Each structure stands twice: as C-alpha cells, then as structure tokens.
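All ligand and atom numbering here is 1-based and tracks the order in the structure. These numbers come from a predicted model, not from an experiment.
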Amino acid sequence: MVPFNVAPFVGDEFTYIKQAIEANKISGDGRFTKLCNKILEDRFNAQKVMLTTSGTSALDMAALLCGLKQGDEVILPSFTFSSTATAIVLCGAVPVFVDIRPDTMNIDEKKIEHAITDKTKAIFVVHYGGVACEMDTIMQIAEKHGLFVVEDAAQAVMSTYKGRALGTIGNFGCYSFHETKNYSMGEGGAILINNEKYNEPAEILREKGTNRSKFFRGQVDKYTWVDFGDSFLPSDINAAYLYAQLMHADEINENRLETYNLYLDAFKPLADKGRIELQHIPEECVHNAHIFYLKLKDLDDRTKFIEYMKDSAIYAAFHYVPLHSSPAGQKFGRFDGEDEFTTKESERLVRLPLYYNMIKEKRDLVIDCALRYFMA
Ligand SMILES: *Cc1c(COP(=O)(O)O)cnc(C)c1O
C-alpha cells in the first residue's frame with residue numbers, strides 16, 4: 001500500500017511538546033510560537049511573521065487587513081482551494097476568477113488587467129505546487145492600479161522567485177502547516193506582513209481585538225478591547241511540533257526533492273514522447289517539491305489511471321474542482337473572460353504520492369505501476 005500522504009514527522013516533536021507542557025504554557029504565543037516566528041522571519045527575510053491556527057485563518061487575516069468590504073472585488077484564480085476565496089467572502093467582497101496558465105497552473109498574469117474594475121481592491125495569487133506566479137508582472141499591475149497583493153503561499157514554504165521567498169513579495173503572505181503540507185503542526189499556518197504599519201493591526205486582530213501584545217511588551221499598563229478581532233493564535237503544543245520540523249527544514253526539503261527528481265527521471269521520457277505533460281518550473285523559480293503531478297490526455301484517461309493505481313493500492317489524487325463551477329463559487333463570485341484552461345487542465349491533472357521520508361520501495365512501486373499503465 002502506498003498512501004497519498006503521510007504527515008511529516010522528524011522525531012524531536014515529542015521532546016518539544018513535552019517542554020511546552022512542562023513550561024505550563026500551552027496557550028498561544030508561548031516560547032515555541034515565538035521561536036517559529038523568528039526562524040521564519042530570519043530564514044525568509046520577512047519583516048514580520050505570526051503563526052496562526054491555519055492557512056485559512058492567515059488568509060482571513062490578510063483579507064481583513066486589506067480592509068476588504070461589501071461590494072469590493074478581488075481577483076484570484078479559480079483553480080485553488082476554497083480557503084483563498086472564502087477569506088474574500090468573509091469580508092463581503094466578490095471573488096472574480098481569472099483563468100490560469102496551463103504550464104504552471106497559476107493565475108495567468110496576462111489576463112488580470114482585463115478583470116480590473118473600479119471596485120477591484122486586491123489580487124490574491126496562489127503559488128500552485130510551490131511554483132511562483134509571475135510576480136514582477138503582478139506587482140507592476142497592482143502598483144499601477146493601487147491594489148493589494150496577497151500571496152496564498154500555503155504550498156510554497158521554502159520556494160523562491162528570483163531569490164526572494166514566496167510570501168514576502170506581496171503585501172501579505174499566507175503559509176499553511178496543515179498535515180498535508182511540507183511542514184506541519186497538525187493544523188496551523190502563518191501570516192507574513194511586509195509593511196510594518198500593519199504589525200499592530202494584525203496583533204489586535206489576532207488577539208481577540210485587544211492590545212494584549214502591547215501590554216506584554218510593556219507599552220501600555222493594561223490591556224483592553226480596542227478593535228474588531230478574532231482568535232488566530234495556535235496552541236504552543238502545535239508550535240512545538242512545528243519547531244521540530246523547522247529545525248529540520250533543509251533535510252525535509254532535500255528529501256522531498258529527491259523523490260520529486262526520481263519521479264522526474266522516470267516520467268520525463270513519456271513527456272518527451274507527448275503522452276503526458278509535467279509541471280513546468282520557470283527559470284526564476286526554485287520550488288519545494290510540494291507536488292508531483294502528471295497531466296493525462298483528458299478526464300477519462302485520468303479516471304482510468306487513478307483506478308489502475310488504486311488496484312495496486314497506490315493512492316493518486318486529483319484536485320481542484322474549479323471554484324467558479326462549485327456551488328459557492330457560483331453563489332458568491334464570477335469568472336472574468338473565457339475559461340480557456342482552468343476546467344480543461346484541472347480535469348487532466350493527477351498527483352502522485354509524495355511525502356517526507358518516502359522509502360525507496362514505495363517510490364519504486366509508484367513508478368513501476370504508473371509506467372505499466374502507460375505501456376498497456
Ligand atoms: C492547504 C491550502 C490552504 C489552506 O490551508 P489550511 O492550513 O488547511 O487552512 C489554502 N490555500 C491553498 C492553496 C492550500 O493548498
């Protein structure tokens with residue numbers, strides 16, 4: 001049996017979780033949360049990082065910090081997880097979906113300007129599979145029209161664009177540390193803030209609308225309710241799990257890349273022959289081996305492939321049902337322009353099992369079985 005995913009585990013998690021419990025600090029913003037924030041800030045050269053309860057709540061925070069409100073419009077790809085859009089809807093704004101590029105499955109930067117109206121307030125980009133969107137072009141468009149840029153970098157921890165960490169290029173970046181992501185804390189995430197003027201509003205929003213962070217720094221002598229807020233602080237127990245992972249960040253990354261490259265070697269000949277297509281990595285991008293996918297001929301070919309793998313107890317997976325064709329997408333949003341690639345390309349895509357510490361025997365099983373499918 002080869003599962004689609006196994007949550008990353010390096011071994012030190014128990015030690016740190018025990019320390020969090022023994023320190024009598026299992027609520028938010030304890031020692032491990034602070035350590036994780038610092039590691040992420042230093043490693044990615046980020047102005048400010050705050051752990052959150054999920055990637056979704058990081059996106060919610062970003063949408064709220066952009067000041068989105070009823071009637072505003074936000075541009076995003078339709079090929080993404082619901083969280084990217086639901087953050088926009090939380091604020092009463094309208095998601096405006098734009099087509100993707102078939103080579104990276106990221107928003108097509110050339111189709112963004114067509115979707116801009118006088119109601120547009122922000123662009124939410126998604127770095128699919130840890131491969132960057134064309135950020136220079138997107139930032140130029142945003143600047144020209146005075147728009148916020150939020151990077152849904154849920155899948156892109158450790159990836160870069162022209163040497164810059166993903167999540168640090170737009171106004172806000174959002175990471176996920178869900179168990180299906182490269183680094184995990186069970187459920188969790190982080191918001192990256194690139195302009196310090198948002199640090200204090202973010203602290204207040206994250207801490208139930210209070211100025212408690214200021215109080216702990218000794219900047220006010222008592223704390224109180226100062227604005228709208230929610231609770232976006234993860235438990236320090238979860239942060240302790242993440243801390244162990246971040247201490248082994250390179251090892252996890254290299255291990256995933258090794259599996260990715262093994263798959264690449266195995267499937268490249270089929271791509272050269274035109275039987276399948278593989279993920280394109282633009283020259284400016286360094287990726288983190290979050291996903292290895294194949295694009296088959298069509299939906300029928302993909303269905304057969306998934307069934308064939310499943311017969312050998314190998315679990316390949318597809319996603320996403322494009323948001324503009326989902327019930328909520330139709331209720332809350334609209335698609336701008338033509339759906340040239342979003343539906344067609346999403347129906348062809350299948351992801352192979354890829355997780356930290358995937359043993360050779362399992363990787364070989366996946367490769368052998370898949371190659372047999374294409375030989376039949
Ligand atoms: C995983 C993911 C999210 C949500 O992250 P959670 O931590 O599960 O809330 C958002 N966007 C994308 C693109 C994701 O892959």
Side-chain angles (χ1 to χ4, degrees), residues 4-5 7-8 33 36 40 49-64 74-90 95 97-98 100-101 104-107 122-133 135 138 149-159 166-167 169-170 172-192 206 230-235 238-239 241-242 245-246 256 279 287-293 317-324 326 328-329 333 342 345-346 349 351 354-355:
F4 176 66
N5 181 58
T33 301
C36 290
L40 294 167
V49 177
M50 297 176 190
L51 288 194
T52 59
T53 44
S54 63
T56 306
S57 59
L59 284 158
D60 288 349
M61 277 186 75
L64 289 162
V74 176
I75 291 167
L76 75 164
S78 172
F79 182 72
T80 181
F81 193 56
S82 59
S83 307
T84 325
T86 212
I88 297 161
V89 172
L90 171 76
F97 301 111
V98 165
I100 51 166
R101 301 166 34 153
T104 57
M105 304 297 281
N106 286 333
I107 192 166
I123 307 169
F124 278 33
V125 300
V126 179
H127 303 300
Y128 179 68
V131 176
C133 298
M135 288 310 289
I138 291 166
V149 173
V150 173
E151 297 177 74
D152 180 341
Q155 305 178 2
V157 181
M158 294 286 272
S159 295
L166 300 190
I169 302 168
F172 302 103
C174 303
Y175 287 165
S176 168
F177 300 116
H178 185 261
E179 73 168 22
T180 52
K181 299 304 199 289
N182 290 25
Y183 305 93
S184 183
M185 52 195 281
E187 296 277 358
I191 182 165
L192 288 77
R206 185 168 164 273
D230 206 322
S231 182
F232 292 123
L233 295 76
S235 160
N238 297 64
Y241 190 101
L242 181 66
Q245 309 252 310
L246 295 180
R256 293 186 72 104
Q279 185 180 39
H287 73 96
N288 61 354
H290 176 62
I291 284 178
F292 189 92
Y293 69 73
F318 66 83
H319 69 181
Y320 303 98
V321 174
L323 295 184
H324 74 283
S326 70
T342 301
E345 297 301 304
S346 68
L349 186 145
R351 299 174 293 156
L354 201 176
Y355 47 85

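Annotation: side chain of L166 is not in contact with side chain of N288 (no heavy-atom distance under 4.5 Å). For the pair Q155/K181, a side-chain contact is recorded, criterion being any heavy-atom separation below 4.5 Å from C-beta on. Residues Q245 and P8 have side chains in contact (heavy-atom distance under 4.5 Å, counting atoms from C-beta outward). At least one side-chain heavy atom of L51 sits less than 4.5 Å from a side-chain heavy atom of M185. In this structure, Y128 and L349 have side chains that are in contact, with non-hydrogen atoms separated by less than 4.5 Å.
Polar contact check, Q155 against ligand 1: a nitrogen or oxygen pair lies under 3.5 Å apart. Note: an N/O pair closer than 3.5 Å links D152 and ligand 1 by distance alone. Between A154 and ligand 1, a contact under 3.5 Å exists for no N or O pair.
Residue H178 has at least one heavy-atom neighbour below 4.0 Å for each of these atoms of ligand 1: 7 (O), 8 (O). Under a 4.0 Å criterion applied to the non-hydrogen atoms of S54, ligand 1 contributes the atoms 7 (O), 9 (O).
For atom 5 (O) of ligand 1, the nearest protein heavy atom (residue, atom name, distance) is S176 OG, 3.2 Å.
One option in T84, D60, T56, L59 has a heavy atom closer to atom 9 (O) of ligand 1 than any other, and that option is T56.
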Exercise for review: For the pair F79 and Y320, evaluate ring-ring contact (aromatic ring centres under 6.0 Å, His included) and give the outcome as yes or no after the intermediate values.
Suggested key: CA-CA 6 Å; F79 182 72; Y320 303 98; 5.1 Å; yes
**Study point:** CA sep, side-chain torsions, deciding dist, call: H319, Y293, ring-ring contact (aromatic ring centres under 6.0 Å, His included)
**Key:** CA-CA 11 Å; H319 69 181; Y293 69 73; 8.8 Å; no
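Heavy-atom distances between G188 and ligand 1 reach below 4.0 Å in at least one pair. Under a 4.0 angstrom heavy-atom cut-off, K181 registers as being in contact with ligand 1.
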